[in-house]
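Some notes on the structure that comes next.
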Amino acid sequence: MRESIRDSLITALHDTKGYLSGEVISNRLGVSRTAVWKQVQRLKKEGYHILTVRRKGYRLLSSPRDLFEGEISRLLETSLLGRDIRLYKELASTNAKAIELARDSEIREGTFVIANLQRGGKGRLGRHWLSLPGGLWASGILRPGILPQQAPLVTFAAAVAITRAIREMTNLEVSIKWPNDIFYNGRKLGGILSEIESEAANIHFLVLGFGLNVNIRMSKFPQPLRAQATSVYRELKKEISLNVLFVKILKQLESLYELIQDKQFESILDSWKEYNCTLGEQVSVALPDGSEATGVALDVNQSGALMLKTVNGQIKTITSGDLSIVQVAA
Amino acid sequence: MQTKENVKNIISLIGKTDITELIWEQDGLRIDISRELSPPAEVKAEESRPVAGNTPQAAATNPVIDAPIVGTFYSTHPKSKQVYALRGLKVDAGQVVGVIEAMKVYREVFSPFSGIIVDILVADGQPVMYAQGLIELRQNLA
């Protein structure tokens with residue numbers, strides 16, 4: 001298949017250190033200079049930073065795979081979330097950094113730690129989330145006025161926000177697998193992991209961490225993960241702006257977070273149910289103690305725990321575990 | 001000096017009872033006595049109950065750290081591999097002694113007491129109920 005003009009242009013710009021003249025591009029791509037100019041304008045809208053200089057041509061400063069504080073602040077539509085952005089080239093874990101920051105009560109609520117790359121903890125192998133460049137790795141500091149046992153609802157809200165933002169930006173019908181994995185076509189696109197510090201009845205802070213495989217080519221994934229994981233790039237065959245995606249997630253999350261602060265938990269659960277791909281399915285949950293629970297995923301209770309109906313009709317309430325949807329033969 | 005003797009007598013008398021408050025008035029003299037009955041060493045509401053009622057393994061006198069929330073208990077963090085609790089480890093009040101995970105939210109468990117860990121009552125990765133005993137301590141008697 002012939003590469004699109006768009007992709008050829010991106011490749012040409014990527015491969016050139018300095019400026020590339022409109023004439024050279026138009027010759028190479030076999031299109032008019034006006035067509036090149038139009039394509040450049042389109043790429044700029046997608047988040048490519050392209051410098052245009054008369055008589056010199058075009059120069060690619062950054063592609064949307066790069067997160068930019070400046071770009072995020074320019075696009076931001078929220079008043080609480082992301083008003084303070086801490087961007088790192090590389091971190092062991094955005095959650096760990098956010099927790100460190102959150103212990104300082106001077107840090108404002110809604111501060112987000114983001115990184116282009118997470119190195120991950122020491123000695124972590126196998127099933128652990130791999131954080132490659134081109135993904136969105138972020139952790140927000142929240143101080144919700146809810147009970148510690150209600151904290152999972154914040155992560156449910158985050159799953160909804162991420163799902164809405166990805167759907168809005170890409171038209172990919174992503175869904176949520178209990179409790180809060182972002183799924184597409186039976187493969188994992190992203191995950192959420194939170195940590196709280198609290199007393200019996202009040203939360204000091206909640207660090208909401210999420211990771212999304214965005215502009216990652218599948219060849220970058222280790223072989224064993226390729227069957228289970230996917231990325232936006234794999235599904236769309238193009239890169240999307242990380243800055244735009246991040247800002248859209250924050251916007252969605254902010255309105256859901258307001259509902260949480262208003263104690264409208266039912267509304268969060270209803271939205272979660274709207275996008276979930278788990279309820280009603282025959283599922284198998286690998287429990288942390290090594291055992292397994294199977295049955296039909298009936299519902300989630302008010303704190304987000306899974307209600308599983310086992311073969312003998314018993315209802316089990318499950319709070320932890322790795323869920324997989326059992327493919328029933330037609 | 002008779003008054004002093006009377007007060008002494010009163011104190012020794014109520015010492016054998018459960019009376020916590022006494023007001024004595026005689027000939028324009030008034031004595032107010034109030035006391036607390038055997039304060040149950042450092043009880044903090046909700047956070048902790050030093051009674052091992054729900055944990056038959058624990059010796060009745062040792063304080064037990066309870067689960068503040070329903071979920072899965074870990075004395076070693078399953079991700080960072082940080083070890084929070086070990087038998088024989090000395091912990092201070094307010095120190096983290098484990099985490100409980102529910103719906104991928106990790107919550108740290110703090111010890112309300114200082115002491116030495118005598119036993120970890122729940123294996124890592126096991127589900128715990130609210131208020132279930134997790135860790136038994138032996139308190140340092142000052």
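Both backbone and side-chain heavy atoms feed into the values below; hydrogens, waters and symmetry mates do not. Here is the naming used below: chain letters follow the sequence lines, and residue numbers restart at 1 for every chain. The shown structure was predicted, so the numbers you read here are calculated from the model rather than taken from an experiment.
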| Is it the case that more than 12 heavy atoms not belonging to A:Q302 sit under 6.0 Å from its CD atom? | no

| task | Hey, could you give me the CD1/OG1 distance between B:I69 and A:T319, rounded to the nearest 0.5 Å? | result | 9.5 Å

| Just how far is it from atom OH of B:Y130 to atom CD of A:Q149, taken to the nearest 0.5 Å? | 7.5 Å

| query | CG/A:D289 to OG1/B:T72 distance, rounded to the nearest 0.5 angstrom? | reply | 8.0 Å

| task | Kindly indicate whether the side chain of B:K104, heavy atoms from C-beta on, has any atom under 4.5 Å from the side chain of A:I192. | result | no

| note | Distance col, row B:Y106:OH vs A:N95:CG, nearest 0.5 angstrom, shows 10.5 Å

| task | Identify which of A:G321, A:G209, A:A305, A:S291 forms the greatest number of heavy-atom pairs closer than 4.5 Å to chain B. | result | A:A305

| query | When rounded to the nearest 0.5 angstrom, what is the spacing between CG in A:L153 and CE in B:M103? | reply | 8.0 Å

| remark: When rounded to the nearest 0.5 Å, the distance separating CD of A:E195 from CZ of B:R107 is 13.5 Å

| query | Can you check whether B:E101's main-chain N or O pairs, donor with acceptor, with A:S320's side chain at less than 3.5 Å? | reply | yes

| message | Would you say that more than 12 heavy atoms from the other residues, nucleotides or ligands in this model lie under 6.0 Å from the NZ of A:K263, or not? | response | yes

| query | A:P288 versus chain B, heavy atoms under 4.5 Å apart: side chain, backbone, both or neither? | reply | both

